[in-house]
**Q** 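Can you read through this structure? Questions will come right after.
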Amino acid sequence: MDDAYTEAVLSVVESIPPGHVMTYGAIADVVGETLGRGGPRQVGSVMSHEGGGTPWWRVIRAGGRGARGHEIGAREHWLAEGTPLLADGERVDLRRAAWTPPD
DNA sequence: ACCTTGACCTTGG
DNA sequence: CCCAAGGCCAAGG
């Protein structure tokens, strides 16, 4: 069993609907709202170590690119589930795909 | 306690 | 949009 922070992050990631995405910062905000700690880097750390069993490709950087070192695989998933992309096909169109969990 | 590292972000140019 | 600088949070050496 992992600590509460890890569980909170994974829970939010798993709540992201197919075709939508959340940035590391947005996740950090949601989790920080309830646990009062953590930042984007902390979310990245959790994903790096425990993100294997989650839809990790729905977690992206503020600029719309996929996780460092995993841009390729992420893109395939975006294409497969119809995530809105920008013209270059390498970045998610945040204005259309951004999502936030309901209150 | 200090320094480095990391699936990061924002601001200014 | 890209790049460089500075900020940020926590873990590990």
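Only heavy atoms go into these numbers, but all of them, side chains included; no hydrogens, no water, no symmetry mates. Residue numbers start from 1 in every chain, and the chains themselves are labelled A, B, ... in the order their sequence lines are given, proteins ahead of strands.
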**Q** Under 4.0 Å, heavy atoms only, any strand: does A:Gly25 hit a base, just the sugar-phosphate, or nothing?
**A** sugar-phosphate
**Q** Rounded to whole angstroms, how far apart are CZ on A:Arg61 and P on C:dC8?
**A** 22 Å
**Q** Give the rounded distance in Å between these two atoms: CD of A:Gln42 and P of C:dC9.
**A** 10 Å
**Q** Please confirm whether the backbone N or O of A:Arg91 pairs with a side-chain atom of A:Asp88, one donor and one acceptor, at under 3.5 Å?
**A** yes
**Q** In terms of side-chain heavy atoms of A:Arg37, which of C:dC1, B:dC8, C:dA10 is nearest?
**A** C:dA10
**Q** Could you tell me how far C:dG12 sits from B:dA1 if I compare only their C1' atoms? Round to whole Å.
**A** 14 Å
**Q** Classify the angle between the aromatic ring planes of A:Trp56 and A:His70 as parallel (below 30°), tilted (30 to 60°) or perpendicular (above 60°).
**A** perpendicular
**Q** Of the options B:dA7, B:dC9, C:dC1, whose atoms approach the side-chain atoms of A:Arg91 most closely?
**A** C:dC1
**Q** In whole Å, I'd like the distance from the CG atom of A:Asp3 to the P atom of C:dA11.
**A** 8 Å
**Q** Taking donor-acceptor contacts at under 3.5 Å, does the side chain of A:Arg41 reach the base of B:dC8?
**A** yes
**Q** What distance, rounded to whole Å, do you find between the two P atoms, one in C:dG6 and one in B:dA7?
**A** 23 Å
**Q** Between A:Arg75 and A:Glu90, is there a salt bridge with N-O shorter than 4.0 Å?
**A** yes
**Q** When all nucleic acid strands are considered with a 4.0 Å heavy-atom cut-off, which category describes A:Ser45: base, sugar-phosphate, or nothing?
**A** nothing
**Q** Kindly say if A:Arg65 contacts the phosphate of B:dA7, meaning a side-chain N or O under 4.0 Å from OP1 or OP2.
**A** no
**Q** Check this for me, if you would: do A:Glu71 and A:Arg61 make a salt bridge, where the nitrogen-to-carboxylate-oxygen distance has to be below 4.0 angstrom?
**A** yes
